[in-house]
Amino acid sequence: LATSLCCSEIVKMGGETVRLYVKGQILGYKRSKANQQNHTALIKIDGVVSKKETDFYAGKRLAYIYKAKTLKKGTFFRCIWGKVMRPHGNTGTVKAKFRSNLPPISLGGSVRVMMYPSRV
């Protein structure tokens, strides 16, 4: 019944589809008044509104999926993987680091917050 877990991350469970990720938005880079650090991104996770709720997402994997113009490995889609590092502020925003820095075109875009690895 279960299909393979690749980039689609949607599984059939007894005839019902289960999504293994939560959507989030890329707000920008970590920054101060004059400087910005491109190696850390600020992510707003859908449905998370407090600092306490972000504890569940600490250590979870992130996937920024984008479409490229050239075909590689049979697909036009590419993925940059990252990880939720810590909370940022009191409103449910988190800081995340990606394997390679996110491109500026990604700001304001969406990211997938995977429900693994589990710490429960």
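Computation of the quantities below employed the complete heavy-atom set of this structure, encompassing side-chain atoms and omitting hydrogens, waters and symmetry-equivalent molecules. We count residues from 1, following the sequence as given.
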K83 and K97, any side-chain heavy atoms less than 4.5 Å apart: no
Quick check for you: to the nearest 0.5 Å, what is the distance between Y29 atom OH and L107 atom CG? 4.5 Å
Following the transitive rule for hydrophobic clusters with a side-chain heavy-atom cut-off under 4.5 Å over Ile, Leu, Val, Met, Phe, Trp and Tyr, establish whether V49 and V113 coincide in one cluster. no
Roughly how far, to the nearest 0.5 Å, is the NE2 atom of H39 from the CG atom of N101? 8.0 Å
For F56, does the six-membered ring have the charged nitrogen or CZ of K60 within the cation-pi criterion, i.e. under 6.0 angstrom from the centroid and within 45° of the normal? yes
Linked, directly or transitively: V111 and M85 (ILVMFWY side chains, under 4.5 Å): no
Take a 6.0 Å sphere around OH of Y66 and say whether it holds more than 12 heavy atoms from other residues, nucleotides or ligands. yes
Side chains of V94 and H88: does their closest heavy-atom pair fall under 4.5 Å? no
With rounding to the nearest 0.5 Å, note down the distance linking CD in Q36 to CZ in R31. 6.5 Å
Minimum side-chain heavy-atom gap L102-I26 below 4.5 Å: yes
pair E53-I45: side-chain heavy atoms closer than 4.5 Å: no
Side-chain donor-acceptor pair under 3.5 Å between N35 and Q37, yes or no? no
Clusters formed by hydrophobic residues whose side-chain heavy atoms approach within less than 4.5 Å: which one holds L27, and what are its other members? L42
Working to the nearest 0.5 Å, report the span between OG1 of T91 and NZ of K44. 5.0 Å
Once rounded to the nearest 0.5 Å, what's the spacing between atom CG of N38 and atom OG of S100? 11.5 Å
ILVMFWY cluster, Y64 and V22 together (side-chain gap under 4.5 Å): yes
Looking at M114, is its backbone amide N or carbonyl O close enough to the side chain of R112 to form a donor-acceptor pair, meaning the two atoms are under 3.5 Å apart? no
If you take all heavy atoms of L62 and A96, which pair is closest and at what distance? CD1-CB, 3.2 Å
Closest heavy-atom contact between P117 and G59? CD-O, 3.4 Å
For the atom pair NZ (K67) and OG1 (T75), what is the distance rounded to the nearest 0.5 Å? 9.0 Å
Side chains of Y57 and P87: does their closest heavy-atom pair fall under 4.5 Å? no
Hydrophobic cluster membership, F98 vs I105, 4.5 Å side-chain cutoff: yes
Residues in side-chain hydrogen bond (donor to acceptor under 3.5 Å, both in side chains) with T70, at least two apart? R78
Given 3.5 Å as the limit, does a donor-acceptor pair link the side chain of K51 with the main chain of D55, or not? no
Any side-chain heavy atom of P103 sitting closer than 4.5 Å to one from I80? yes
Minimum heavy-atom separation for R119 to A58, with atom names? NE-O, 3.1 Å
State, yes or no, whether a side-chain contact exists between L20 and V18 at a heavy-atom distance under 4.5 Å. yes
Under 4.5 Å between any side-chain heavy atoms of Y116 and R61, yes or no? yes
